[in-house]
Student: 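The structure follows.
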Amino acid sequence: MPEQDPKKRINNFDEVPFGYDEQTAIAEAKRCLQCKNRPCVDGCPVGIDIPDFIKEITEGDFEKAAVILKNKTNLPAVCGRVCPYEEQCEGKCTLLKLGEPVGIGRLERFVADYILRKGEKLPKKPVPTGKKIAVVGAGPAGLTCAGDLAKMGHSVVIFEAFHAPGGVLMYGIPEFRLPKEIVRKEVEYIEKLGVKIQYDVVVGKTISVEEILDEYDAVFFGTGAGLPSFLNIDGENLAGIYSANEFLTRVNMMKAYKFPEYDTPIKIGKKVATFGAGNVAMDCARTALRLGAEKSYIIYRRSEKEMPARNEEIEHAREEGVIFKLLTNPIRFIGDEKGNVKQVGCIEMKLGGPDTSGRRRPIPVEGTEFKIDIDTALIAIGQSPNPLIPQTTKGLEVERWGNIKTDEQGRTNIPGIFAGGDIATGAATVILAMGAGKRAARSIDKYIKSNKQ
Amino acid sequence: MVPQKIKVSFCMYEILEKKVLSDAVKLMKIKAPLVAKKAQPGQFIILRIDKKGERIPLTIADYDRKKGTITIIFMEVGKTTKQLGLMKEGDKILNFVGPLGIPSEIENYGTVVCIGGGVGIAPLYPIIRALKQAGNHVVTILGARNEELLMLEKEIDEISDEKHICTDDGSKGTKGFVSDVLQKLIDDKIKIDIVWAIGPVIMMKVVADLTRKYNIRTIVSLNPIMVDGTGMCGGCRVTVGGKTKFACVDGPEFDGHQVDFENLMLRNSRFVDEEKHSCKISGVE
Ligand SMILES: Cc1cc2nc3c(=O)[nH]c(=O)nc-3n(C[C@H](O)[C@H](O)[C@H](O)COP(=O)(O)OP(=O)(O)OC[C@H]3O[C@@H](n4cnc5c(N)ncnc54)[C@H](O)[C@@H]3O)c2cc1C
Ligand code: FES
């Protein structure tokens, strides 16, 4: 797919890939073999009828293609951009064995963008059931669950702590990968289905779970994995050291890249080091370049092979000039006399035998300590579930890392309370959060119907 | 369908009342029924004035559950507080979320000395009231640079058993710092069970250094830079007892003897240049 030139794009926040035009989309769709056994559908966590929507593209009926997509996903323009397709649908594509798989993700994006531009018809208004459901968190899990419940005729309110919807889609994933306008439009569609979003409500603080249950027939928690992890090394509270969450929220949600037009500032200097090598880390390192960093490092303690980010993201980062310092582990931050970070002390690592995660364990190589000059450090080594909801919901069962315990249907141990997405699985993906939201919507519907007073 | 009990307000937050306490210090009562219903002494809110605004934390200075209002008192120091100061009764604030943070631990301690410095007097007010109601003997020390900057004197006088005032320039009360007054109370052998100190970081540090010597438990309320206020960004992290804490969810009140005040001062000056620039170009300088 055509993309913005790396040299140009590091100076703007515009989206990197341009997307297919109609001809290219149709040509790409025609490559699909329409396999009878549909391996791609198995690869999709929400089971989109992939060959069917692709078939409609070959016939030029993009609207019908969109209807097929929307049967299974409420956020196709988002998924068509950020899903790890190479591991999912495209990873199962028969054509992969012969070379290039069908560009399923790109086709999804094409159809979703087409229908967003064109404006889409709402499904027929369902018969109201008179039941009220509260959804906590307007991330992909909550939005999906709310949208599906509204389609079933329930009245749904989403309580969101922030002033904007989307969760990570809005505050985490950068504009150049997922334009916020797209997120806004997909959310608008969900609102048109009848979902109300009430911002500025921190459940557990502004209102309690008990109060919600007093008034609603069921509640769904989609509160995500928002708690940032730190390295816990010396000097980590020096000025100039941010969690990925703080950095990305300032830049994406608060639009610090447009400071001073927007009031939220960010300051990064010339040399920026990002710790970690997942999608979040790539987003940080690439954002830093766009904010004017001359050197943007990824510092990671394992090797290239273990990097958890999607290949496409690593490739993009590399093209843009991100410097990868692999097999390198930070041991302390060093500050200047004013308390700003100025260096990070590191040690070289080598890989030993496999650890519990099956990846080879990194081991420090003695006597290899060295320092890197930096102005800013971004810590992107993971997030865990936000503890507020588990702490304030009496009797709610959680697992070891603080995730809310649920079964396949999204049921928690308390009747009427459901959960899904990152809060239940730990930090995962948009599509998995969506899938969990969908399953929970079905089981909430079932619960309410079986609970008829 | 709009639920009845949890009044869902799909609207902005109106400024019902505004008072100018001094040139740079303003008081506002904001309509925010959900927040008012839950607010407790020691907690704070985060607000965002408009679509391009930043999110800033302000401590709750008072609340009226019946009227559904929250009182905030703020000093105009940066772009947002200056802009807020220009707003009028009837104007609306776009976002207003809370109550955040852990409420003050109110119980009957015996004799409590409550020390407020500058705008720190505002958040101290509901705490004094609650401590008094809990049966404590409350001694207050209010300090400010000058008489102009002293606030809520009358209100606090009414609920304190004993009140001391000091100003840096001597324009009101004794000339000197709150810590001088505290030292005198200690020298006078008054038995102090606990101290609450809220004000500029340096004031809290000086008070904590003093009470540490006499082993008097001291609570301080920290005001680091925040973004979300829900534990999601870690921008508000402070070092307490050698450990990293998030002031928005673990605080804002902490044991003053454990707080690393130097680190707090430093982290609070992270964006000083940007703030100046922002004020300059937006004309609120
Ligand atoms: C920088 C970054 C890049 C990523 N890149 C990708 C990618 O390329 N592809 C991919 O598939 N996944 C990616 N992910 C992961 C993906 O974004 C998440 O798995 C997904 O967003 C989880 O959805 P969720 O709905 O469970 O939670 P979230 O998106 O975290 O949403 C939770 C929402 O709940 C709100 N909330 C929390 N607590 C409360 C409360 N007490 N009261 C009210 N509201 C509350 C939050 O404000 C938030 O809006 C990325 C994540 C990050 C951080
Ligand atoms: S303000 Fe973001 S974690 Fe406290």
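Letters go in sequence order (proteins before strands), and every chain restarts at 1. Here the structure is a predicted model, which is why all the values come from computation and not from measurement.
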Student: Under 4.5 Å from any heavy atom of chain A, what part of Leu47(B) do you find: side chain, backbone, both or neither?
Tutor: neither
Student: Sort out for me which of Asn245(A), Leu227(A), Thr264(A), Asn237(A) touches chain B most, counting heavy-atom pairs under 4.5 Å.
Tutor: Asn237(A)
Student: Quick check: does any side chain N or O of Thr206(A) sit under 3.5 Å from a backbone N or O of Gly98(B), one acting as donor and the other as acceptor?
Tutor: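 Present.
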Student: Using non-hydrogen atoms only, which part of Phe247(A) is less than 4.5 Å away from chain B: side chain, backbone, both, or neither?
Tutor: neither
Student: Grab the two heavy atoms, one from Met232(B) and one from Thr249(A), that are nearest each other, plus how far apart they are.
Tutor: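 Met232(B) and Thr249(A) have their closest heavy atoms at CE-OG1, 3.4 Å.
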Student: Check whether any side-chain heavy atom of Val97(B) sits under 4.5 Å from a side-chain heavy atom of Glu160(A), and report yes or no.
Tutor: no
Student: Which one wins on heavy-atom pair count under 4.5 Å against chain B: Met253(A), Lys267(A), Lys255(A)?
Tutor: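 Of the options given, most contacts go to Lys267(A).
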Student: What option among Ala39(B), Gly235(B), Gly229(B) has the most heavy-atom pairs under 4.5 Å with chain A?
Tutor: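 The option with the most such pairs is Gly235(B).
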Student: Quick one: do Tyr171(A) and Asp228(B) satisfy side-chain hydrogen bond (donor to acceptor under 3.5 Å, both in side chains)? Show the steps, please.
Tutor: CA-CA 11 Å; Tyr171(A) 75 69; Asp228(B) 56 298; over 6 Å; no
Student: Chain A heavy atoms under 4.5 Å from Lys243(B): which part of the residue, side chain, backbone, both or neither?
Tutor: neither
Student: Around atom NZ of Lys51(B), are there more than 12 heavy atoms from other residues, nucleotides or ligands closer than 6.0 Å?
Tutor: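 For Lys51(B), atom NZ is not crowded (no more than 12 foreign heavy atoms under 6.0 Å).
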Student: For residues Val201(A) and Leu34(B), determine if any side-chain heavy atom of one lies less than 4.5 Å from a side-chain heavy atom of the other.
Tutor: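 SC-SC contact between Val201(A) and Leu34(B) confirmed.
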Student: Top residue by heavy-atom pair count (under 4.5 Å) with chain A, among Val238(B), Val227(B), Val249(B)?
Tutor: Val227(B)
Student: Chain A: which of Asp260(B), Val35(B), Asp50(B), Thr230(B) shares the most heavy-atom pairs with it under 4.5 Å?
Tutor: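 Option with the greatest count: Thr230(B).
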Student: When you compare the side chain of Arg55(B) with that of His163(A), does any pair of heavy atoms fall below 4.5 Å?
Tutor: yes
Student: Given a strict heavy-atom distance threshold of 4.5 Å, which part of Lys338(A) is in contact with chain B: side chain, backbone, both, or neither?
Tutor: backbone
Student: Test side-chain contact (heavy atoms from CB on, under 4.5 Å) on Glu54(B) and Arg250(A) and set out the steps.
Tutor: CA-CA 9 Å; Glu54(B) 62 179 330; Arg250(A) 281 178 180 276; 5.8 Å; no
Student: Distance from Asp200(A) atom CG to Arg48(B) atom CZ, nearest 0.5 Å?
Tutor: 8.5 Å
Student: Under a 4.5 Å cutoff for heavy-atom pairs, which residue among Ser243(A), Ala134(A), Gly224(A) has the most contacts with chain B?
Tutor: Ser243(A)
Student: Checking Lys52(B) side chain against Asp263(A) main chain: does a donor-acceptor pair fall under 3.5 Å?
Tutor: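 No: the side chain of Lys52(B) does not pair with the backbone of Asp263(A).
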Student: In terms of heavy-atom contacts, does NZ of Lys38(B) have more than 12 from other residues, nucleotides or ligands at under 6.0 Å?
Tutor: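 Yes - once you tally the heavy atoms of other residues, nucleotides and ligands closer than 6.0 Å, there are more than 12.
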Student: Near Glu105(B) CD, under 6.0 Å, is it more than 12 heavy atoms from other residues, nucleotides or ligands?
Tutor: no
Student: Please classify the contact between Phe246(B) and chain A as side chain, backbone, both or neither, with a heavy-atom cut-off of under 4.5 Å.
Tutor: side chain
Student: Using non-hydrogen atoms and a 4.5 Å limit, figure out which bit of Leu248(A) sits close to chain B: side chain, backbone, both or neither.
Tutor: neither
Student: So Phe162(A) and Asn95(B), side-chain contact (heavy atoms from CB on, under 4.5 Å) or not? Walk me through it.
Tutor: CA-CA 9 Å; Phe162(A) 260 125; Asn95(B) 300 104; over 6 Å; no
Student: So, for Pro228(A) and Gly231(B), which heavy atoms are closest and what is the spacing to 0.1 Å?
Tutor: CD-O, 3.6 Å
